[in-house]
Amino acid sequence: MSLADRIAALQARIRKACEDAGRDPSGVELLPVSKKQSLPLIQEAAALGFGRFGENYVQEGADKAALAPELDFVLLGPLQRNKAKPALQHFAEIQSLDRPDLAERLRRLAAELDVVRPVWIQVDLWDEATKLGGCTEAGLPALLEALAADPRLPLTGLMAIPPPECETAFTELAELRERLQQQLGHALKLSMGMSGDFEAAIAAGSDQVRVGTALFGERSARA
Ligand SMILES: *Cc1c(COP(=O)(O)O)cnc(C)c1O
């Protein structure tokens, strides 16, 4: 199947999931996840209408952004403090904010670099292996306090990678989103759902599905 065919098939599945859930398909964004995919393939997807791509590694995303400045890259992978500066320089958005010390560092650097970068808080409600990252619900107040509603880092939503076996995960996230919206007094988006589970995520209210393999095919071992 060509890339165009895979994208069309994926979009049809997304529309169907929206229909089944009684949702307007224009309310669900498809974010292509291009980690470990070649730049020519990404550019082929860009020619088919995508302008933003999710990446997991700061260096890989920075390299691609340097070669394709017309595209926007979104950071999805765990972010170390010492990579905070290149992350702000090369990514349009950061979805993996999960700790107060990282929020403080990003605020300081965003002021220094004079940039505005929408951020999403990555949450982990299931005590997943720490390697995936994510803030627990108990950790949210400290993180929000560190973020301090900084206008340079507008809080856009919540991102999560729930364990595949957890059937209630997406509704738990939707409920957390509700509580936080009440508390903060503004809307938050939900980024949840990947190749294997985006239909269930859409049924539970996801605003953005992050799809890699179902869109681009298998990832190569090399970046
Ligand atoms: C790799 C990745 C995806 C996409 O995963 P697929 O299963 O290939 O669709 C989505 N979100 C994050 C955070 C990822 O790391």
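Only heavy atoms go into these numbers, but all of them, side chains included; no hydrogens, no water, no symmetry mates. First listed ligand is number 1; within each ligand, the first listed atom is number 1. Predicted, not measured: the structure shown is a model, and the values here were computed from it. Count residues from 1 along the sequence.
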Among side-chain atoms of Glu60 and Asn56, is any donor-acceptor pair under 3.5 angstrom? no

A student checking ligand 1 against Val211 at a 4.0 Å heavy-atom cut-off should list atoms 9 (O)

Would you please name every residue forming a side chain to side chain donor-acceptor pair (under 3.5 Å) with Thr171, sequence neighbours left out? none

Taking only residues two or more places apart in sequence or in another chain, which ones pass side chain to side chain donor-acceptor pair (under 3.5 Å) with Ser195? Thr213

Please list, in number order, the atoms of ligand 1 under 4.0 Å from a heavy atom of Asn56. 14 (C), 15 (O)

For atom 6 (P) of ligand 1, what is the closest protein heavy atom, and at what distance to 0.1 Å? Ser195 OG, 3.4 Å

With a 4.0 Å cut-off on N to O distance, would you call Arg177 and Asp207 a salt bridge? yes

Whether the Glu93 and Thr156 side chains hold a donor-acceptor pair (N or O, under 3.5 Å, no angle test) is what I'd like checked. no

Pairs of nitrogen or oxygen atoms closer than 3.5 Å, one from Leu76 and one from ligand 1: do any exist? no

What protein heavy atom lies closest to atom 10 (C) of ligand 1? Include the residue and the distance to one decimal. Met194 SD, 3.1 Å

Quick one: nearest non-hydrogen protein atom to atom 11 (N) of ligand 1, plus distance? Arg210 NE, 2.9 Å

Side-chain donor or acceptor of Asp197 paired with backbone N/O of Met194 under 3.5 Å: yes

protein heavy-atom neighbour closest to atom 13 (C) of ligand 1 works out as Ile161 CD1, 3.5 Å

Using a distance-only test with no angle check, is there a side-chain donor-acceptor pair under 3.5 angstrom linking Gln95 and Gln208? yes

Nearest protein heavy atom to atom 1 (C) of ligand 1, by residue and atom, and its distance? Lys35 NZ, 1.3 Å

Any non-hydrogen atom of Arg219 lying under 4.0 Å from ligand 1? yes

